[in-house]
**Student:** 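Sharing a structure with you now.
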Amino acid sequence: MKSGIGFSEILLILALILIFVNPKDIPELLRKSLKIIAQIRSQIRSFLDDIGKQ
């Protein structure tokens with residue numbers, strides 16, 4: 001069984017974003033989303049490093 005996001009799912013997500021978010025606000029939404037993702041990844045790396053030290 002293959003898991004992940006396919007092309008049709010990406011198109012659906014983009015269509016929903018365009019419906020519910022003002023197109024002028026999309027760049028700011030992307031910046032905030034990418035910043036949150038970077039913070040989460042940093043916290044996960046820190047957590048895994050702490051586990052590895054024990």
Side-chain angles (χ1 to χ4, degrees):
M1 184 175 180
K2 186 173 122 178
S3 63
I5 296 178
F7 185 70
S8 59
E9 288 88 358
I10 292 173
L11 286 178
L12 177 63
I13 291 168
L14 291 174
L16 290 173
I17 289 172
L18 287 174
I19 290 170
F20 291 109
V21 178
N22 185 354
K24 293 179 182 179
D25 296 334
I26 291 175
E28 183 65 26
L29 177 67
L30 287 175
R31 271 188 231 104
K32 287 180 181 180
S33 299
L34 292 175
K35 189 174 183 179
I36 290 170
I37 291 170
Q39 290 174 347
I40 290 170
R41 291 182 72 184
S42 174
Q43 291 295 322
I44 290 171
R45 270 191 223 110
S46 175
F47 178 74
L48 292 176
D49 287 344
D50 288 344
I51 290 175
K53 292 178 183 176
Q54 294 178 359

**Student:** Report the distance from atom CD1 of Ile17 to atom CG of Leu30, rounding to the nearest 0.5 Å.
**Tutor:** 7.0 Å
**Student:** Crowded around Ile5 CD1? As in, over 12 foreign heavy atoms under 6.0 Å?
**Tutor:** no
**Student:** How many angstroms lie between atom CG of Leu14 and atom CD1 of Ile19, to the nearest 0.5 angstrom?
**Tutor:** 11.0 Å
**Student:** As an exercise, state the distance from CD of Glu28 to CG of Asn22, rounded to the nearest 0.5 Å.
**Tutor:** 12.5 Å
**Student:** Given 3.5 Å as the limit, does a donor-acceptor pair link the side chain of Gln43 with the main chain of Ile40, or not?
**Tutor:** no
**Student:** Can you check whether Ser8 reaches Leu12 side chain to side chain, under 4.5 Å on heavy atoms?
**Tutor:** no
**Student:** Following the transitive rule for hydrophobic clusters with a side-chain heavy-atom cut-off under 4.5 Å over Ile, Leu, Val, Met, Phe, Trp and Tyr, establish whether Ile44 and Phe47 coincide in one cluster.
**Tutor:** yes
**Student:** Quick one: do Ile36 and Leu29 end up in the same hydrophobic cluster if we chain Ile, Leu, Val, Met, Phe, Trp and Tyr together by side-chain heavy atoms under 4.5 Å apart?
**Tutor:** no
